[in-house]
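These figures come from a predicted structure and were not determined experimentally.
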Amino acid sequence: MAKFRRRTCIILSLFILFIFSLMMGLKMLRPNKATFRVPFGLDLLPEIRQETPHLVKTFDSQKSDTINSETNFKNLKSDEITVKLSKASEPNMEEKPPLNYFLHVFYYSWYGNPQFDGKYIHWNHPILKHWDLRLTKNYSQGKHNPPDDIGSSFYPELGSYSSRDPSVIETHMKQMYSASIGNYFICVLALSWYPPNSNDENGQPTDDLVPTILDKAHKYNLKVTFHIEPYKNRDEQNMYTNVKYIIDKYGNHPAFYRYKTETGKALPMFYVYDSYITTPEKWANLLTSSGSRSIRNSPYDALFIALLVDSKHRYEILRGGFDGIYTYFATNGFTYGSSYENWAKLKYFCDQYNLIFIPSVGPGYIDTSIRPWNTQNTRNRINGKYYETALSAALQAQPSIISITSFNEWHEGTQIEKAVPKRTSNTVYLDYRPHKPSLYLELTRKWSEKYRKERAAYALDPQLPLF
């Protein structure tokens, strides 16, 4: 019996020795430079992924830096997980890209439908008459009849929506954020704006929507600037009043856009549509320091960007005291300003006189749903190639800011918002096939990255993050 026990102990000892040797052998087979991965489930937590993106990047790298993790699972109720990196792998905060707001997108909040507005607004846009009545007779008259018949050659994925629908505003902000690069190269909405109780001839007042738009934009880290439309009787007097109103009412909102100038000032920026219809002398009253109604060096000083249509407008813009120019129209060749071949000359002019040059690019142009006689200005999208050509031309001019016409100007077919195929008994709408409805958002993101890299190379005065 004792002999049997002795034999059993020997066998058991040999077995333990075998297991130990096997484990040591397997350990020796482990590579010297092991790859650390994200701890299981960490990358599924959006709070941690958003707040500590450098951790995800570090864990996914091929470095063998020592990682010391301290996790108190008994205190998970505090919703805190702390991961400490060794000194060698700590992120360099000075190298972290700042928030940059150099891509501006023209945005329109003038759409309405019966659910939110009691009637359709803008989707039922009238068919405009040609100034030559002989030509007008060749085209149908009247208004469009939503929801299936709208004043656009494309049809929105959201249908004939209302700009008052909070879910629509939310979706728009998501789409614009998707066209941005992460959290450091973000879009700015250039919001079409009329003063309170004012509107375009086919719409209704929309200033009361600004607080919601600002709130939703801030949620997605977007900024909002104002695209001041040619409201009735616009002049230097009421422009001062309206700029003061905007800054007093919205200027303290975290989504309110300010541009940091070379002098270090963080100033609001205002695009002034159809600025040329007011004389340079009147603008100078507002925009020069010696003007009779000067806004300069006051709490309401800002950067005012004029629309350049004709070549002669360059010097009128200078005399008027503007701070920069933009070209708006998405039709290459339609105006001097919108012609790509002139952008290098315009940039040179702006550099000479310390002006900001902002070329405007667009995915195409077609307004024949409301101007059926304007086919000569149609610019086909060519599956995104037209847009990419425009963006490439803009980058070659090395501008401080690029503007996009537009996010949702559906009447003129310049939208980058998602559109879907639709066919009715009378109309076959255009769409983005064979690509997805998000094609132009994706192209915007792609070229945002190119612009970010090229701008970093040529910009002498990179903007700092503004909050």
Any side-chain heavy atom of [X] sitting closer than 4.5 Å to one from [Y]?
X	Y	result
Y194	D200	yes
T405	E412	no
I305	I358	yes
Y231	M239	yes

Check whether [Y] forms a cation-pi arrangement with [X] (NZ or CZ under 6.0 Å from the six-membered ring centre, at most 45° off the ring normal).
X	Y	answer
R455	F102	yes
K223	Y101	yes
K422	Y155	yes
R293	Y240	yes
R164	F116	no
R381	Y440	yes

What is the ring orientation for [X] with [Y], classed by angle as parallel under 30°, tilted 30 to 60°, or perpendicular over 60°?
X	Y	value
Y271	H104	perpendicular
Y107	F407	tilted
F106	H227	tilted
Y328	Y326	perpendicular

Determine whether a donor-acceptor pair (N or O, by modelled atom type, separation under 3.5 Å) exists between the side chain of [X] and the backbone of [Y].
X	Y	result
Q141	T136	yes
R258	L267	no
W410	S153	no
W447	L395	no
N238	D235	yes
T288	G321	no
R379	T331	no
E409	H411	yes
S275	A306	no

Practice item. Check the pair Y108 / H172 against ring-ring contact (aromatic ring centres under 6.0 Å, His included), numbers first and verdict last. Key: CA-CA 11 Å; Y108 294 86; H172 284 171; over 10 Å; no
Exercise for review: Begin from the C-alpha positions of S392 and T389 and carry the test side chain to side chain donor-acceptor pair (under 3.5 Å) through to its verdict.
Suggested key: CA-CA 5 Å; S392 177; T389 299; over 6 Å; no
Identify the two heavy atoms, one from [X] and one from [Y], that lie closest to each other, and give their separation to 0.1 Å.
X	Y	value
L128	W373	O-NE1, 2.9 Å
A394	P359	CB-CG, 4.0 Å
T206	S109	CG2-O, 3.4 Å
S448	A179	OG-O, 3.6 Å
N332	S339	OD1-CA, 3.4 Å

Per-pair distances, 0.1 Å, donor-acceptor, side chain in residues 246-256, under 3.5 Å, sequence neighbours excluded:
{"from": "D248", "atom 1": "OD1", "to": "Y300", "atom 2": "OH", "distance (Å)": "3.0"}
{"from": "D248", "atom 1": "OD2", "to": "K244", "atom 2": "NZ", "distance (Å)": "3.0"}
{"from": "D248", "atom 1": "OD2", "to": "Y300", "atom 2": "OH", "distance (Å)": "3.3"}
{"from": "K249", "atom 1": "NZ", "to": "Y245", "atom 2": "OH", "distance (Å)": "3.2"}
{"from": "Y250", "atom 1": "OH", "to": "D207", "atom 2": "O", "distance (Å)": "3.4"}
{"from": "Y250", "atom 1": "OH", "to": "D207", "atom 2": "OD1", "distance (Å)": "3.0"}
{"from": "Y250", "atom 1": "OH", "to": "D207", "atom 2": "OD2", "distance (Å)": "3.2"}
{"from": "H253", "atom 1": "ND1", "to": "A255", "atom 2": "N", "distance (Å)": "3.0"}
{"from": "H253", "atom 1": "NE2", "to": "D215", "atom 2": "OD1", "distance (Å)": "2.7"}

Practice item. Determine, step by step, whether S406 and T414 satisfy the side chain to side chain donor-acceptor pair (under 3.5 Å) criterion, reporting the C-alpha distance in whole Å, the side-chain angles of both residues, the deciding distance to 0.1 Å, and the verdict. Key: CA-CA 5 Å; S406 63; T414 61; 2.8 Å; yes
Practice item. Using the side-chain contact (heavy atoms from CB on, under 4.5 Å) rule, take S140 and I127 through it: C-alpha gap first, then chi angles, then the decisive distance, then the call. Key: CA-CA 8 Å; S140 60; I127 298 172; 3.7 Å; yes
Check your understanding: Do you know which of D149, T427, N124 makes side-chain hydrogen bond (donor to acceptor under 3.5 Å, both in side chains) with H144?
Key ->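 That would be D149; it is the only one of D149, T427, N124 passing the side-chain hydrogen bond (donor to acceptor under 3.5 Å, both in side chains) with H144.
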Point to revise | Partner of R371 by side-chain hydrogen bond (donor to acceptor under 3.5 Å, both in side chains), out of T375, D367, T368 | key: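 Result: among T375, D367, T368, D367 is the only option passing the side-chain hydrogen bond (donor to acceptor under 3.5 Å, both in side chains) with R371.
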Exercise for review: For E170 and K216, run salt bridge (Lys or Arg N to Asp or Glu O under 4.0 Å): C-alpha distance rounded to whole Å, both residues' side-chain angles, the deciding distance at 0.1 Å, then the answer.
Suggested key: CA-CA 6 Å; E170 179 98 12; K216 297 290 187 183; 2.9 Å; yes
**Study point:** Salt-bridge criterion met for R234 and D274 (N-O under 4.0 Å)
**Key:**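 D274 and R234: not salt-bridged.
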Point to revise | Lys/Arg-Asp/Glu bridge criterion (N-O < 4.0 Å) met for R433, D431 | key: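 A salt bridge links R433 with D431.
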Within a 6.0 Å radius of atom [atom1] on [X], are there more than 12 heavy atoms belonging to other residues, nucleotides or ligands?
X	atom1	answer
D132	CG	yes
R423	CZ	no
Y348	OH	no

Practice item. Would you please test Q204 and W110 for side chain to side chain donor-acceptor pair (under 3.5 Å) and show each step? Key: CA-CA 7 Å; Q204 290 188 345; W110 56 24; over 6 Å; no
Check your understanding: When you look at R452 and E449, which way does the salt bridge (Lys or Arg N to Asp or Glu O under 4.0 Å) test go after all the steps?
Key -> CA-CA 5 Å; R452 180 187 70 83; E449 175 65 17; 2.8 Å; yes
Practice item. Dump the intermediate steps for side chain to side chain donor-acceptor pair (under 3.5 Å) on N342 and K345, then the final yes or no. Key: CA-CA 5 Å; N342 297 324; K345 290 179 283 188; 3.2 Å; yes
Check your understanding: When you look at I356 and L303, which way does the side-chain contact (heavy atoms from CB on, under 4.5 Å) test go after all the steps?
Key -> CA-CA 9 Å; I356 302 170; L303 298 171; 4.1 Å; yes
Practice item. Answer yes if the side chains of D117 and S162 hold a donor-acceptor pair under 3.5 Å, and no otherwise. Key: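 Note: D117 and S162 side chains meet the donor-acceptor criterion.
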Check your understanding: So, N426 and T424: side-chain donor and acceptor under 3.5 Å apart, yes or no?
Key ->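 Not at all, the side chains of N426 and T424 share no donor-acceptor pair under 3.5 Å.
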Exercise for review: Report the C-alpha distance between W123 and Y111 in whole Å, list the side-chain angles of each, state the deciding distance to 0.1 Å, and finish with yes or no for ring-ring contact (aromatic ring centres under 6.0 Å, His included).
Suggested key: CA-CA 7 Å; W123 299 118; Y111 300 103; 4.3 Å; yes
Exercise for review: Tell me, with the steps shown, if F329 and F334 meet ring-ring contact (aromatic ring centres under 6.0 Å, His included).
Suggested key: CA-CA 8 Å; F329 298 105; F334 175 57; 5.3 Å; yes
Point to revise | From CA spacing to verdict: side-chain contact (heavy atoms from CB on, under 4.5 Å), K174, Y220 | key: CA-CA 7 Å; K174 284 182 181 178; Y220 292 92; 2.9 Å; yes
